Amino acid sequence: MADWMGWLVTAGVLVILELFTGTFYLLMIAIGLAIGGIVALAGASTPAQAIAAAVVGVVATGLLHRSRFGHPAKADAQRDRNVNLDIGQRVTVPAWEHGRARVMYRGALWDVELTPGVAPHAGEFRIVEVHGSRLVVANP
């Protein structure tokens with residue numbers, strides 16, 4: 001098998017492995033390996049192929065790390081609707097006592113507290129955070 005075929009087959013294997021991880025880092029290394037295959041196809045020596053693959057792989061990985069795709073979003077799970085489906089739901093609070101209340105929600109009793117700046121009044125509220133068994137609510 002020719003050198004360029006080996007580089008491209010290895011790059012393809014890394015692309016397939018990347019599909020299982022979803023981090024894009026293996027994809028950057030695969031790009032470097034593909035460049036090594038292109039350099040091999042151009043007729044360069046084996047050390048030149050390896051150097052080209054390494055340089056492109058390292059640069060691509062560094063660029064990915066510095067981009068927004070290199071760092072997962074640090075969303076607060078207590079406020080993230082994708083993590084907690086209770087966020088955005090509505091509850092009816094019959095009465096408040098010192099800024100706290102107890103309500104029946106999803107078949108269980110929950111402690112409820114207001115977000116800062118919201119006046120306590122009986123009525124419907126929207127859940128904005130969940131702290132364990134405590135719902136933090138705001139005006140709808």
Side-chain angles (χ1 to χ4, degrees):
M1 176 164 56
D3 285 346
W4 66 272
M5 289 175 138
W7 287 104
L8 293 181
V9 165
T10 308
V13 168
L14 281 183
V15 168
I16 291 169
L17 289 175
E18 174 59 42
L19 294 173
F20 293 106
T21 65
T23 61
F24 294 119
Y25 284 102
L26 288 178
L27 186 61
M28 298 300 111
I29 301 300
I31 290 171
L33 292 175
I35 294 298
I38 292 170
V39 171
L41 191 60
S45 65
T46 303
Q49 297 167 23
I51 290 171
V55 167
V56 171
V58 167
V59 168
T61 302
L63 290 173
L64 174 66
H65 185 70
R66 294 178 61 98
S67 74
R68 68 182 177 100
F69 299 109
H71 301 286
K74 292 183 171 71
D76 185 8
Q78 296 171 339
R79 298 181 145 259
D80 189 0
R81 245 195 109 121
N82 295 320
V83 175
N84 192 332
L85 297 178
D86 293 322
I87 306 298
Q89 299 298 319
R90 299 187 187 273
V91 294
T92 302
V93 179
W96 292 92
E97 189 174 314
H98 306 295
R100 296 187 184 272
R102 301 265 301 164
V103 297
M104 186 65 86
Y105 174 66
R106 292 192 302 135
L109 276 175
W110 292 71
D111 292 326
V112 179
E113 70 179 43
L114 289 167
T115 56
V118 177
H121 64 280
E124 190 170 270
F125 291 87
R126 181 178 43 88
I127 300 171
V128 293
E129 285 184 56
V130 178
H131 295 277
S133 64
R134 190 175 72 232
L135 304 173
V136 180
V137 297
N139 289 324

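What's counted below: heavy atoms across the whole structure, side chains too, no hydrogens, waters or symmetry copies. These numbers come from a predicted model, not from an experiment.
Cluster membership for Ile35 and Val15, using ILVMFWY side-chain heavy atoms within less than 4.5 angstrom, is shared. Residue Val112 is grouped with residue Tyr105 when hydrophobic side chains (ILVMFWY) are merged at heavy-atom distances under 4.5 angstrom, including chains of intermediate members.
Nearest heavy-atom pair across Ala138 and Val128 is CB-CG1, 3.9 Å. The minimum heavy-atom distance between Arg90 and Pro140, with the atom names listed, is NH1-CB, 2.6 Å. Ala53 approaches Gly36 most closely through the heavy-atom pair CB-CA, 4.0 Å. Thr61 and Met28 make their closest contact through OG1-CB, 3.6 Å (heavy atoms, listed as atom of the first residue, atom of the second, distance). Scanning both residues, Leu14 and Ala30, for their nearest heavy atoms gives CB-CB, 3.9 Å.
At least one donor-acceptor pair closer than 3.5 Å links the side chain of Gln49 to the backbone N or O of Ala44.
Contact check for Trp7 versus Leu41: no side-chain heavy atoms found under the 4.5 Å cut-off. Inter-residue side-chain proximity for Trp110 and Val91 is flagged as unmet; no heavy-atom pair is nearer than 4.5 Å. Residues Val130 and Val136 are not in side-chain contact: their nearest non-hydrogen atoms beyond the backbone lie 4.5 Å or more apart. Side-chain contact between Thr92 and Val103 is absent, with no heavy atoms from C-beta onward closer than 4.5 Å. The closest side-chain heavy-atom distance from Gln89 to Leu135 is not below 4.5 Å.
Around atom NE2 of His65, no more than 12 heavy atoms belonging to other residues, nucleotides or ligands sit under 6.0 Å away.
Glu97 CD to Arg102 CZ: the interatomic distance, rounded to the nearest 0.5 Å, is 12.0 Å.
Grouped by direct or indirect side-chain proximity (heavy atoms under 4.5 Å, Ile/Leu/Val/Met/Phe/Trp/Tyr only), Val55 sits with Ile51, Val59, Leu63.
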